[in-house]
Amino acid sequence: MRSYQLFIDGQFTDGERGEHIETLDPYHGKPWAELARATRGDVDRAVKAAREALDNGPWSKLTATARGRIMRKIGDLITRDADRIAEIEARDNGKLLAEVRGQLNGVAECWYYYAGLADKIEGAWIPVEKPDTMAFTMREPIGVVAALTAWNSPIWFATVKCAPALAAGCTVVVKPSEFASASTLELAAIVKEAGMPDGAFNVVTGYGHDAGAALVEHPDVAMITFTGSDLTGAKIYETAAKQMKRVALELGGKSPNIVFEDADLDLAAAGVVSGIFGAAGQMCTAGSRLLVQKSIKDVFTTKLVDLARYIRMGDPMDPNTNVGPISTPPQFQKVLDYIEIARKDGARCILGGSRATGADLSAGQFVEPTIFSDVTNDMRIAQEEVFGPVLSIIEFDTEEDATRIGNDIAYGLVAGVWTQNIGRAMRMTKALKVGTVWVNTYRAYSFMMPFGGTKKSGLGRESGIEAINEYLETKSVFLSTATEGPTNPFIMR
C-alpha cells in the first residue's frame, strides 16, 4: 500500500500523532493508499510556515518575474509527469483515465497562464482633485490562503486556486478531500522540484472536521477558497465572517440543460448525455435537469434513451469505458437514496434506476445511468443536488416557461441552451441567472474564462484574469509635493 505524508515548509513529514487514513480505490472497492492524518498542531505548523514565507521568507523577496519562472517550471514538470499523475488520480477517485489525462493538459497550461500574469499586476495613477498631490494605487497579496478542494477533480481544483494565489504573491495551505488527496501530494513533490521556496506551498491531509476546521479558523489565514457542497460552504462562510476573512466559494449546482424544438436534436442528445453521465454525474456543473420543449419531448426522449443505453460502465483505466464508479461510499449511497426518493415522489424511471451489476462491476460503486420522466420542478429530484448519473426530464411550452423553470432553483452555476435561433440564444443567455451559459455545447471549460456561480452556487470567480483579483488587496497612496504646510492644520486639504 502506498503511503503519503504531509507537505509542510518544503518537506514531506509525518503528522504529529502518526495517524493515517486509508483511501479507497472505488473501482476495486479496496484501500490502495494511506494518508497522514493532520491534527490542529500540524495545521498550525503549515500556516506558520506559510506566514513566515509571506512575511520574511524568500517567496516574498522574489520578484514577480522570478515567481512566474518557478510557476512555469511547475507546468513543465506536470507535462512531464502527466501520465503517472493521471493514473494516480483515476485510481484514487474513479474518474476516467482518459478524462483525467486530458484535464492535466489544462492543469499545465493553467500554471503557464498565471506564470505569465505574475508580473502583469499593476496599480494605477489617479488624477485626484487635490493640488500638489500625487495619488496612485498598489496591488498587494492578501496573505496566507487556505485552499480546500473536493474529491472529484482534486489536482484541477488545487491548480485553479493555488496558481492565481501564488502569482499574486500569496502563500497557500491546501487541504484536499480525505477521499482523494494523492494527486495533490504528487503536485507538492513537483512544486518542490520546481524550486518553490519553503513554506510558500503546503499540503495538509485529514478530515474536514479537524484539519479543515482548524485551517478555516486559523487567525493567520487571510482568505479561504473552497470547492464543495453548499452546506459546508455556508459553514465556512459563517466562520470566516467572524474574523472578516475573504472567501471564494465554488459550490453546488442543479443546472438546467434546455432543448428547444428548433435545436439540432442529435447534437443536443449527445450534449445532454455528456452533461449528466460524464464523470458519472459527479460534477457541480452536471446538467441534471433536462428542460425539453413539449412539442419534441417524446421524440427527444426516445433519442436520448437510445443513446444512453450504449453507455459502457467499467474500469476507469480502460479507454473504452464511458462511465466509471461513484467515487466515495457515502456518495454512492446518497445517489441510490435519491433514486428511491424520486420514485416515491411520482417520477417515472425510464432508464436505469439501480446499482449496476456485472462481472467487472460487482466490486465497485457503480450506479446505472438513470433517467426520470414525468418530473415536475418542485420534486426533490429536481431541486436537490444528487451528484450522480441521474437525469430529470421536465417539459416546458414557451421560452418564458423555460426561463421561469430554469431560474426556479436555489442554485445558479451553469445552464445549457440548445437552439438554432441566435436571437433566442441571446435572450436566454441574458435571462438565465447563472455564472456560465453554454449554447449548443456543454461542459466547455477554459482556464482563461472566469468560472463561478450565483445564489447558493457560490461567491467569487476562478480561472481567467478575474481570478487573480480574488487574491489581491488594493492600497491607495497619497503623496504630497507641497513645499508649504496648510495655513490651518485642522482643516483637511
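Salt-bridge annotation for R380 and D345: absent, with no side-chain N of the basic residue lying under 4.0 Å from a carboxylate O of the acidic one. E473 has a carboxylate O that lies under 4.0 Å from a charged side-chain N of R246, or vice versa, which qualifies the two as a salt bridge. By the 4.0 Å N-to-carboxylate-O rule, E186 lies close enough to R2 to be salt-bridged with it. Between R427 and E399, at least one side-chain nitrogen of the basic residue sits less than 4.0 Å from a carboxylate oxygen of the acidic one, meeting the salt-bridge criterion. A salt bridge is defined here as a Lys NZ or Arg NE, NH1 or NH2 lying under 4.0 Å from an Asp or Glu carboxylate O, and K161 with E462 meets this definition. Classification of D81 and R84 as a salt-bridged pair holds, one side-chain N sitting under 4.0 Å from a carboxylate O. Classification of R67 and D119 as a salt-bridged pair fails, no side-chain N sitting under 4.0 Å from a carboxylate O. A salt bridge between R461 and E466 is absent, with no side-chain N of the basic residue lying under 4.0 Å from a carboxylate O of the acidic one. Ion pair D25/K30 not flagged as a salt bridge, since none of the NZ, NE, NH1 or NH2 atoms sits closer than 4.0 Å to an Asp/Glu carboxylate oxygen.
Closest heavy-atom contact between F201 and V191: CB-CG1, 3.8 Å. Contact record, S457 with G412: OG-N, 2.9 Å, taken as the closest heavy-atom pair. Closest of all the heavy-atom pairs between T370 and G352 is OG1-C, 3.8 Å. Closest approach of A363 to H28, counting heavy atoms only: CB-O, 3.5 Å.
Counting only distance, with no hydrogens or angles, the side chain of Y411 and the backbone of T454 share no donor-acceptor pair below 3.5 Å.
For K192, the NZ atom is densely surrounded, since the number of other residues' heavy atoms within 6.0 Å is greater than 12.
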